[in-house]
Amino acid sequence: MPSKVHNFGAGPAKLPEEVYDIIKNELTNFEGTGISLLETSHRTAPYLRLNKNVQDVVRRLLDVPSNYKILFLSGGGQGEFAGVPLNLMSRTGTADYVVTGAWSAKAAKEAKKYGKVNLVIPPTDRYTDIPNQSTWKLDPNASYVHICTNETIHGVEFDFIPDTKGVPLVADMSSNFMSKKVDVSKFGVIYGGAQKNIGTSGVALVIVREDLLNNALPICPSILDWTVNAKADSILNTPPMFAIYIMGRVLEWIERQGGLDVMEQLATKKSSLIYNIIEESNGFYVAPVAKNVRSKMNIPFRIGSIDGNDALEKEFLKGAEELNLIQLKGHRDVGGIRASTYNAVTVEEVKVLAQYMREFYKKHNK
């Protein structure tokens, strides 16, 4: 069996190997303190420097304007499903949600606890496309418009930034954060869990425009209140320090690779390797998502038809694991196969998967 493991998991996802080496070297001696960050107070100078440095690298990579706050919050991306309405719904009592997959559906469901939710596009059992914005039913009185820019489970990724006519646009970017350049100024809030593309689980990165602060509902817990956490510089309580540290090391790694332009080029190259095989298979492999909104981060596909062939898919996954191509099983809600090609997944690893897909096709295409 090959010794090299190729991890295509959707999250917690692969970290860059170079970052693992850095973590190993620093684990028991953080910044020359002689102790680990795991046992360092969050009020010490070394951690305060880390807190600032990670904010700075986020600001550099995304060119975050000066009128935005950068927060590191507990609860991951799903914690912000509540955090968003708790901090913004008070503006008008209603919000627009564009549901394009399982995660935006969960965000909308959570928001209903705190105000009125308008579903901008009709509900569906299959998430395979993003309807043209001309068909959306936006409420000009909404407190905000919420989207998920990349649906990890269904593999649907926005290929445009919606025009919300002045209503603040809020984006869950958990699974395509830092995979390409984004014009932050077009968003009121960007948030996401770190465990997909920029670190490990335990922390949410929130980028919020300053004029949207000071709107929290009275019931909003302090731990989720963006205004309180901004004033405390994300150290209201003991933060998820190690997760923030890993995020910083991953983001510094992205800078060393050449930044977000390079990440986008690699994302296109890696995803194209898989999508091209799917297209060339004459229906043996089936990608359910419309071509213009196919995710470059999460690639779901079936074998034989859009509903799949259970026997062949089980054989595909078994053969993949024998080659140490791991975590390719589709999400339990949709089944099938899913390859996640985040920043840390190399082109060489994707080529190994692509070659296996070719060989499996040749063996089973009758």
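For clarity, every value in this text was computed on a predicted model and none was experimentally measured. Scope of the values below: all heavy atoms of this structure, side chains included, with no hydrogens, waters or symmetry mates.
- Atom CG of Asp211 and atom OH of Tyr68 lie 8.0 Å apart (nearest 0.5 Å).
- Using a 4.0 Å cut-off between charged side-chain N and carboxylate O, Asp307 and Arg126 make a salt bridge.
- Panel note: side chain Asn298, backbone Gly155; no donor-acceptor pair is recorded below 3.5 Å.
- Side-chain contact between Ser234 and Asn51 is present, with at least one heavy-atom pair separated by less than 4.5 Å.
- Judged purely by atom type and a 3.5 angstrom limit, Asn132 has no side-chain atom pairing as donor or acceptor with the backbone of Thr135.
- Listed for the Asn53 side chain is no donor-acceptor partner under 3.5 Å among the backbone atoms of Val57.
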Exercise for review: Under the salt bridge (Lys or Arg N to Asp or Glu O under 4.0 Å) rule, what do Glu359 and Lys363 come out as? Steps first, then yes or no, please.
Suggested key: CA-CA 6 Å; Glu359 292 171 357; Lys363 180 178 178 181; over 6 Å; no
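- Side-chain N or O atoms of His154 include none that pairs as donor or acceptor with a backbone N or O of Val156 at under 3.5 Å.
- With rounding to the nearest 0.5 Å, the separation of OG in Ser143 from CG in Leu88 is 7.0 Å.
- Without hydrogens or angle criteria, Asn87 side chain to Trp226 main chain gives a donor-acceptor distance under 3.5 Å.
- Remark: the backbone N or O of Ser36 is not paired with any side-chain donor or acceptor of Thr28 at under 3.5 angstrom.
- No side-chain donor-acceptor contact under 3.5 Å links Asn197 to the backbone of Ser175.
- By the 6.0 Å contact criterion, CD on Glu17 is open, its count of non-hydrogen atoms from other residues, nucleotides or ligands being 12 or less.
- Side chain of Arg59 to main chain of Pro65: a donor-acceptor pair is present (N/O by atom type, distance under 3.5 Å, no hydrogens or angles).
- In this structure the side chain of His42 reaches within 4.5 angstrom of the side chain of Pro239, judged on heavy atoms.
- With respect to Glu157, the side chain to side chain donor-acceptor pair (under 3.5 Å) criterion is satisfied by exactly one of Thr149, Thr100, Thr152, Asn176: Asn176.
- Distance CG/Leu312 to CG/Asn365: 10.0 Å, rounded to 0.5 Å.
- Applying the 4.5 Å side-chain rule to ILVMFWY residues, one finds that Ile35 remains a lone member of its cluster.
- Relative ring orientation between Tyr361 and Phe284 is described as perpendicular, the plane-to-plane angle rising above 60° on a 0-90° scale split at 30° and 60°.
- Within the 6.0 Å centre-distance limit, the rings of Phe316 and Tyr356 are counted as a close aromatic pair.
- Under the rule for a ring-ring contact (aromatic ring centres under 6.0 Å, His included), the partners of His364 that lie at least two apart in sequence or sit in another chain are Phe360.
- For the residue pair Thr268 / Lys296, a side-chain donor-acceptor distance below 3.5 Å is found, with atom types taken as modelled.
- Among pairs with a residue in residues 82-118, those fulfilling ring pair (Phe, Tyr, Trp, His ring centres under 6.0 Å) read Tyr97-Tyr144, Tyr97-His146, at least two apart in sequence or across chains.
- At least one side-chain heavy atom of Ser179 sits less than 4.5 Å from a side-chain heavy atom of Asn343.
- A donor-acceptor pair shorter than 3.5 Å can be found between the side chains of Asn7 and Gln327.
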**Study point:** Test log, rule side-chain contact (heavy atoms from CB on, under 4.5 Å), inputs Val58 and Met178
**Key:** CA-CA 9 Å; Val58 171; Met178 303 292 179; 4.2 Å; yes
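- For the residue pair Asp139 and Asn118, no side-chain donor N or O sits within less than 3.5 Å of a side-chain acceptor on the partner.
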